[in-house]
Amino acid sequence: KRHGTELRLGRDGSAITYGTKDASYRVDGNTDWSYKKAHIYGRQIIDGMFLAVKYDFGRKYPSWGLKPIVEAEGMQKEGRTFYDASKIRENWHDPVEREKIVAYAVDDSEDSLNLYNLMIPSYFYMCQSIPIPFEEMMQGATGKWTNRIVVRSYLQDKRSIPKPDERVTVHGGISFGNPALYKNVYKVDVTSLYPSCILTYGIYPTKKDPDQNYLNMVRFFTEERIRNKKKFKETKDSHYDDLQAAQKVFINSSYGMLGTSGLAFNDFDAANLVTLKGRRVLRTAIAWASGKDVGEWFEGYDYEKDQGIEISVPMSHDFIIGPTDTDSISFCKSDMTAFTDLEQSQLLDELNGIQDAGISFEDDGYFTQ
C-alpha cells in the first residue's frame with residue numbers, strides 16, 4: 001500500500017486481499033482483539049501473535065511480542081543483530097547501516113520461523129481431526145473445534161443438527177488464595193479434572209446427542225493421548241509428544257464446548273454438572289486434608305450452587321489449606337514442618353483412595369518457602 005506494490009502471494013499469482021469488516025480474536029474471557037482478516041488464494045495464514053496466545057495457555061510470557069517470547073523460550077541466537085526500528089527510515093540509504101538493518105530483518109524472520117516450528121505441531125495434528133481449514137481453526141476458540149466434530153458425526157449419518165441453547169449461568173470451580181506465609185507446602189492437582197468428570201460420571205448433552213458421540217470423542221482422544229504419551233516415553237520421538245499435546249487440547253476443550261453460547265451441541269446444564277462434580281472432588285480433598293469443609297477456608301462460600309452435596313471422608317488430617325484453584329489444593333502441616341518424600345507418596349495414595357474411580361490426583365510440586 002505504501003509502495004504501490006501488490007503482494008502477489010496467491011498460488012494462482014493473485015494478490016493478498018483484506019476484509020472490509022473488523023474480525024474479532026478472543027484472547028480470553030475478558031479481552032478481544034479487532035483486526036482485518038487477510039486472504040491469500042490457496043494458502044493458510046497463521047498469525048504468529050494469535051499462535052503465541054494459544055500456545056501461552058499458562059501465561060508465562062512477559063508479553064506477546066516476538067523478542068520477549070524468543071528470550072523467554074531461551075531461543076535467542078547468539079550474536080544476533082538488534083537495531084532501533086525507529087531509525088530504519090532515516091538510515092536506510094547509508095550502505096553501512098543498511099547492511100545492519102538487513103541482518104536485523106533476517107534474524108527477526110528466523111526468530112518468527114523458529115517460534116512457529118516450536119508452537120505449531122500440536123495444532124497441525126489437531127487440524128487433521130477438525131472439519132475446518134487450518135487458518136480458520138487458528139482464529140477460533142477451542143470449544144468451536146470440538147463442536148464441529150460432533151456436528152460432523154451427525155451430518156455424516158444424515159441426521160439433523162440441534163439449535164444452540166440460550167446462555168444460563170454456569171458456576172465455576174473453587175478458587176481462593178488465603179494470603180499468608182507458608183512453609184513446606186505440598187501441592188496436588190487432579191489429572192484433567194473436567195474431562196475426568198465428563199468420563200467418570202458420563203456427562204454429555206443428553207437431549208441433543210442420543211448416540212453419545214460427545215462422550216465417544218472425549219474417550220477417544222483421552223485413550224489416544226495415553227497411548228502416545230507411552231510411545232513418546234519409550235521412543236523419545238517428538239512426533240508422539242506433539243500428538244499427545246494435540247490430544248490434550250482436545251480433551252481440555254471438551255468442557256468449553258458445553259458452556260459456550262452459539263454452539264449447536266452446547267448444554268449449560270451439562271456444563272454446570274461438570275463444574276458441580278469438580279467442586280465436589282475439591283471439597284472432598286479439602287475435607288480430607290484439613291477435617292473441615294471449604295467454607296472454613298473460603299469465607300462466604302456459596303453452598304447453594306452445590307445443590308445440597310454433603311461431604312464425608314473416611315479419614316482426615318489437620319493440615320492448613322493454602323492456595324486452591326479449580327483442580328488443585330496446597331496444604332502444609334499445622335506446625336509447617338517438612339513432609340518427607342515417603343509422607344508425600346503415602347498422602348497422595350491416601351487421597352486417591354477416597355476419590356471415585358476415574359478421578360486421580362498427582363504430585364504438582366513441593367515448596368519449602
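What you see below is based on every heavy atom in this structure, not just the backbone, and it leaves out hydrogens, waters and symmetry mates.
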Is it the case that atom CD in Q156 sees more than 12 heavy atoms from other parts of the structure closer than 6.0 Å? yes
So does H171 get a backbone contact from the side chain of T275, meaning a donor-acceptor N/O pair under 3.5 Å? yes
Determine whether F361 and V281 satisfy the following criterion, side chain to side chain contact (heavy atoms under 4.5 Å, CB included), listing intermediate values before the conclusion. CA-CA 10 Å; F361 278 84; V281 168; 3.9 Å; yes
Could you tell me if the side chain of V190 sits less than 4.5 Å from the side chain of S328, heavy atoms only? no
Between N114 and K77, is any side-chain donor less than 3.5 angstrom from a side-chain acceptor? no
Which is it for R225 and F250 under the side chain to side chain contact (heavy atoms under 4.5 Å, CB included) test, yes or no, and what are the steps along the way? CA-CA 10 Å; R225 184 180 181 226; F250 270 120; over 6 Å; no
Is it true that, when you exclude K248 itself, more than 12 heavy atoms of the residues, nucleotides or ligands shown sit nearer than 6.0 Å to its NZ? no
Quick check on E71: does its CD atom have over 12 non-hydrogen neighbours (other residues, nucleotides or ligands) under 6.0 Å away? no
Does K333 come within less than 4.0 Å of E343, counting only side-chain N to carboxylate O? yes
Would I45 and F134 count as a side chain to side chain contact (heavy atoms under 4.5 Å, CB included) if you check the C-alpha gap in whole Å, the side-chain angles of each, and the deciding distance to 0.1 Å? CA-CA 8 Å; I45 303 174; F134 198 19; over 6 Å; no
Check D306 with R279, please: is the shortest side-chain N to carboxylate O separation under 4.0 Å? yes
Can W297 and S290 be counted as having a side-chain donor-acceptor contact under 3.5 angstrom? yes
Is the side chain of Y366 donor-acceptor paired with the backbone N or O of F339 at a distance under 3.5 Å, no angle test? yes
With a 3.5 Å distance limit and no angle check, can you tell me whether R43 reaches the backbone of L9 through a side-chain donor-acceptor pair? yes
When you measure from the centre of the six-membered ring of F82, is the NZ or CZ of R80 closer than 6.0 Å and no more than 45° off the axis? yes
Tell me if the CZ atom of F124 is crowded by more than 12 foreign heavy atoms within 6.0 Å. no
In the structure I gave you, are the side-chain heavy atoms of N228 and Q247 within less than 4.5 Å of one another anywhere? yes
Surrounding CD of E299 (heavy atoms of other residues, nucleotides or ligands, distance under 6.0 Å), is the total greater than 12? no
Is the ring centre of Y204 less than 6.0 Å from the ring centre of Y214? no
For P68 and S63, the nearest pair of non-hydrogen atoms, with its separation, is CG-OG, 3.3 Å
Minimal non-hydrogen separation, S129 against R152, with atom names: O-NH2, 2.7 Å
Closest non-hydrogen atoms of Q355 and A285, given as atom of the first, atom of the second and distance, are NE2-N, 4.1 Å
Between L215 and F220, is any pair of side-chain heavy atoms under 4.5 Å apart? no
Check M137 against M126 and note the closest heavy-atom contact, atom names and distance. CE-CB, 3.8 Å
In terms of relative ring orientation, are Y194 and Y255 parallel, tilted or perpendicular, with 30° and 60° separating the classes? tilted
Verify whether the ring centers belonging to F265 and Y154 lie closer than 6.0 Å. yes
Quick one: does K36's side chain have a donor or acceptor within less than 3.5 Å of a partner on A23's backbone? no
If you measure from the Lys or Arg side-chain nitrogens to the Asp or Glu carboxylate oxygens, is any gap between D363 and K187 under 4.0 Å? no
For F319 and F331, take the angle between the two ring planes, folded into 0 to 90°, and tell me which bin it lands in: parallel under 30, tilted 30 to 60, perpendicular over 60. parallel
Side chains of I320 and C332: closer than 4.5 Å at any heavy-atom pair? yes
Heavy-atom check, side chain of I69 versus side chain of M119, under 4.5 Å: yes
So which of Y18, F50, Y25 actually passes ring pair (Phe, Tyr, Trp, His ring centres under 6.0 Å) with Y35? F50
Side-chain (Q44) to main-chain (E135) donor-acceptor, under 3.5 angstrom: yes
Donor-acceptor pair, D267 side chain versus L258 backbone, under 3.5 Å? no
Before accepting this row, confirm whether a basic side-chain N of the pair K67/D108 lies closer than 4.0 Å to the acidic partner's carboxylate O. yes
Ion pair present between E234 and K231, side-chain N to carboxylate O less than 4.0 angstrom? no
Heavy-atom side-chain proximity of Y55 to L118 below 4.5 angstrom: yes
What heavy-atom pair brings V151 and I161 nearest, and what distance separates the two atoms? O-CD1, 3.7 Å
What do you reckon, is CD of Q212 surrounded by more than 12 foreign heavy atoms closer than 6.0 Å? yes
Could you give me the CA-CA distance, side-chain angles and deciding distance for Y186 and D364, then say whether side chain to side chain donor-acceptor pair (under 3.5 Å) is met? CA-CA 8 Å; Y186 187 33; D364 196 35; over 6 Å; no
Pair Q244-D241, side-chain donor/acceptor within less than 3.5 Å: yes
Looking at G259, is its backbone amide N or carbonyl O close enough to the side chain of R167 to form a donor-acceptor pair, meaning the two atoms are under 3.5 Å apart? yes
Are I40 and L113 connected, step by step, through hydrophobic side chains (Ile, Leu, Val, Met, Phe, Trp, Tyr) whose heavy atoms are closer than 4.5 Å? no
Lys/Arg-Asp/Glu bridge criterion (N-O < 4.0 Å) met for D293, R283: yes
Less than 4.5 Å apart, side chain to side chain, heavy atoms only: is that true for K233 and Y240? no
Can we say K37 and E136 salt-bridge, meaning some charged N sits less than 4.0 Å from an Asp/Glu carboxylate O? no
Passes side chain to side chain donor-acceptor pair (under 3.5 Å), S175 versus D325? Steps please. CA-CA 4 Å; S175 182; D325 185 24; 3.1 Å; yes
Validation row: S196, K277 side chains within 4.5 angstrom (heavy atoms): no
Closest non-hydrogen contact found for P133 with C127 is C-SG, 4.1 Å
Walk me through it: do H39 and I16 pass the test side chain to side chain contact (heavy atoms under 4.5 Å, CB included)? CA-CA 6 Å; H39 305 280; I16 184 173; over 6 Å; no
Ring centres under 6.0 Å, that's the criterion: do Y123 and Y125 meet it? no
Check whether any side-chain N or O of R26 sits under 3.5 Å from a backbone N or O of D32 as a donor-acceptor pair, and report yes or no. no
Using atom types as modelled and distance alone, determine if a side-chain donor or acceptor of R59 lies under 3.5 Å from a backbone N or O of V53. yes
For the residue pair Y201 and D356, confirm or rule out a side-chain donor-acceptor distance under 3.5 Å. yes
So does K60 get a backbone contact from the side chain of D56, meaning a donor-acceptor N/O pair under 3.5 Å? yes
Is the NZ atom of K144 crowded by more than 12 outside heavy atoms at less than 6.0 Å? no
To the nearest 0.5 Å, atom CG of L351 lies from atom CH2 of W288 at 4.5 Å
What's the separation between atom CD in Q346 and atom CG in D349, rounded to the nearest 0.5 Å? 8.0 Å
Check N213, D211, D209 against S153 for a side-chain hydrogen bond (donor to acceptor under 3.5 Å, both in side chains) and give me the one that passes. N213
Under the 4.5 Å side-chain heavy-atom rule for ILVMFWY, direct or indirect, which residues accompany W92? Y83, I88, I101, V102, Y104, V106
